[in-house]
Amino acid sequence: MNSFGLCVLSGYRCSEAQRELSDRLLAEATLACESAKEIVETNKEETDHRLLEKLNDIEFRKKELLRIRKDSVLELDALSVYEQRVTNVLKSVKRNALAISEKCLVARERRLGIDLVHDDVERSLLKEREVIRGAERLLDRVLAETREQIRKLKATLYHIDHDLENKECNLRIDRRNVTLRETDFNLSIYHADISRLDKSVIMLNEWELQSNSNVIDANKEMNCAKQLRCYIDAIIKQTIDDLNRQKNVTNEAFRQRIEQTREAKTKLELQHSEIIKQVTAMSGKITYIKKSIADKEGYTALAHTRLGHRCQRPGIELTQDLVEANLVKEIHELRNVAANLQRMLREAETSLRFLLKTQVQLEEDINVKTNTLKIDEVECMTSRQSIDYHAY
């Protein structure tokens, strides 16, 4: 074969090789494009699926957080009502009951004389003041615990709200990502290192733990709040029962003391009335005795005058006859009668002075009882009617 033929054959073979290479490249390019399309579509589908899964996960956790938030708000409102209940009971105990109890103690210091005694009423009032102060300390402590629990619930709500806000932001971002398509015009390609776009530093388990922790903490604080409300119910009932029991004991002591004082006053008034009658009778009797003594002085003067006249009889007529003997006897008996009347007058006057002294003492004792009744029945018992213990 000549050189021309060889050249033609060589060119043909080269052309055939180029055509085969071109065919192979076309086939490989087609395969690579189809493979790339499949990979890209698969990756996008996987990403879309993961995005939807993530959205569902976030939605679920958001619903859980919203549910627990609603329960927490309800529990917070309920506990706030209980806080107000404890506050109202405490105000009632401090401003009403304790003030009235101490007012009664101060008022009873104004009792007089024998009535200024440490009696059952005094002991009951002191016990009542001790019970009220004990209730006050207990309610103060319960109120502090309630306010602390409210603070904890509010802190839990703050963390839940912060978590909800973050999840809502996350939902907006990933919902937008789900709607994006490769044909959209607002897409961007970052030519820098992709690691600068992946700023995630929180591990998935940490993210899950955070939301779970918020739910767990909220449940814990709600359970504590519910237990605290049950405790408050029991404490308020126990406190009110104790206060009412002591109030009734004190009121009964007052009632008995008032009854005793009124009975004593009535007896004193009866005695005073009898003494007044005796004073009147004794004064009349003294007047009568004095008149009787005055009347006897006339008889005595008469007898003395007669005897004196008979001493003037002359000579033998100056005899100790029956007339003289009778006059001497009359004078002697008149002296005895006068002496007896004088003794009776002295005794009567002494008795009158004693009766008058007794009258004054009875009047003082009646005034003491009247003052005691005014303090116990009017001042104390009237003010104690406003003591009203209830659980609000």
Side-chain angles (χ1 to χ4, degrees), residues 64-106 123-165 209-251 380 383-392:
E64 281 293 297
L65 287 171
L66 287 172
R67 180 188 62 80
I68 204 70
R69 185 187 188 282
K70 179 181 177 182
D71 293 342
S72 297
V73 169
L74 292 174
E75 188 58 42
L76 180 61
D77 291 342
L79 195 58
S80 297
V81 172
Y82 271 70
E83 178 195 14
Q84 190 59 48
R85 286 181 61 198
V86 176
T87 301
N88 290 337
V89 174
L90 190 56
K91 286 180 180 178
S92 174
V93 170
K94 281 184 177 180
R95 298 181 181 179
N96 186 21
L98 183 59
I100 290 174
S101 182
E102 291 180 339
K103 177 183 176 182
C104 290
L105 285 167
V106 172
R123 284 186 284 272
S124 295
L125 280 171
L126 291 172
K127 177 64 176 177
E128 183 176 67
R129 184 172 67 179
E130 179 184 342
V131 171
I132 291 173
R133 286 177 174 171
E136 180 184 333
R137 289 191 295 270
L138 178 60
L139 291 171
D140 273 329
R141 190 176 72 249
V142 171
L143 183 60
E145 292 177 3
T146 305
R147 287 172 175 168
E148 175 61 18
Q149 188 58 44
I150 288 175
R151 186 197 65 78
K152 290 181 179 179
L153 278 172
K154 287 182 177 179
T156 302
L157 280 173
Y158 170 80
H159 291 302
I160 290 175
D161 288 341
H162 184 66
D163 198 359
L164 281 169
E165 183 180 350
L209 183 62
Q210 175 64 31
S211 295
N212 292 340
S213 177
N214 286 333
V215 173
I216 292 171
D217 289 345
N219 279 319
K220 175 186 173 184
E221 297 305 332
M222 282 194 296
N223 288 333
C224 289
K226 289 175 182 177
Q227 293 175 6
L228 181 58
R229 287 196 291 116
C230 292
Y231 176 68
I232 290 172
D233 281 330
I235 286 298
I236 288 179
K237 183 180 184 306
Q238 175 190 337
T239 300
I240 297 301
D241 289 346
D242 290 345
L243 290 170
N244 276 321
R245 188 181 304 111
Q246 184 58 43
K247 182 187 75 172
N248 293 334
V249 169
T250 304
N251 286 346
C380 293
S383 63
R384 288 182 64 80
Q385 289 177 1
S386 62
I387 296 180
D388 182 23
Y389 300 119
H390 59 277
Y392 290 91

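Just so you know, these numbers use all the heavy atoms, side chains as well, and skip hydrogens, waters and symmetry mates.
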By side-chain hydrogen bond (donor to acceptor under 3.5 Å, both in side chains), Arg384 pairs with (sequence neighbours left out) Glu128, Asn251
With sequence neighbours left out, the residues meeting side-chain hydrogen bond (donor to acceptor under 3.5 Å, both in side chains) with Asn219 are none
Under the side chain to side chain contact (heavy atoms under 4.5 Å, CB included) test, which residues partner [X], sequence neighbours left out?
X	answer
Ala135	Thr239, Leu243
Asp77	Val73
Gln227	none
Lys152	Glu148, Gln149, Glu221

- Check the pair Thr156, Met222 against side chain to side chain contact (heavy atoms under 4.5 Å, CB included), reporting the backbone distance first and the verdict last. CA-CA 10 Å; Thr156 302; Met222 282 194 296; over 6 Å; no
Which of Val89, Ile236, Asp242, Ile132 passes side-chain contact (heavy atoms from CB on, under 4.5 Å) with Tyr389? Answer is Ile132
If I take atom [atom1] from residue [X] and atom [atom2] from residue [Y], how far apart are they, to the nearest 0.5 angstrom?
X	Y	atom1	atom2	result
Gln84	Leu143	CD	CG	9.5 Å
Leu74	Leu79	CG	CG	12.5 Å
Glu64	Ile160	CD	CD1	11.0 Å
Ile240	Ser92	CD1	OG	7.0 Å
Leu153	Arg151	CG	CZ	10.0 Å
Arg229	Thr146	CZ	OG1	11.0 Å

Flag the pair [X] and [Y] as a salt bridge only when some basic side-chain nitrogen lies within less than 4.0 angstrom of an acidic carboxylate oxygen.
X	Y	value
Lys220	Asp217	no
Lys237	Asp241	yes
Glu136	Arg133	no

Minimal heavy-atom distance between Ser124 and Gln246, with the atoms involved, is O-NE2, 3.2 Å
In short, Leu65 meets Ile68 closest at the heavy-atom pair O-CG2, 3.2 Å
So do [Y] and [X] actually touch side chain to side chain, heavy atoms under 4.5 Å?
X	Y	result
Leu164	Arg69	yes
Val86	Glu83	no
Lys154	Ile150	yes
Lys103	Cys380	no
Lys94	Asp140	yes

Next on the checklist: Please check: side-chain N/O of Asn96 versus main-chain N/O of Ser386, any donor-acceptor pairing under 3.5 Å?
Outcome noted: yes
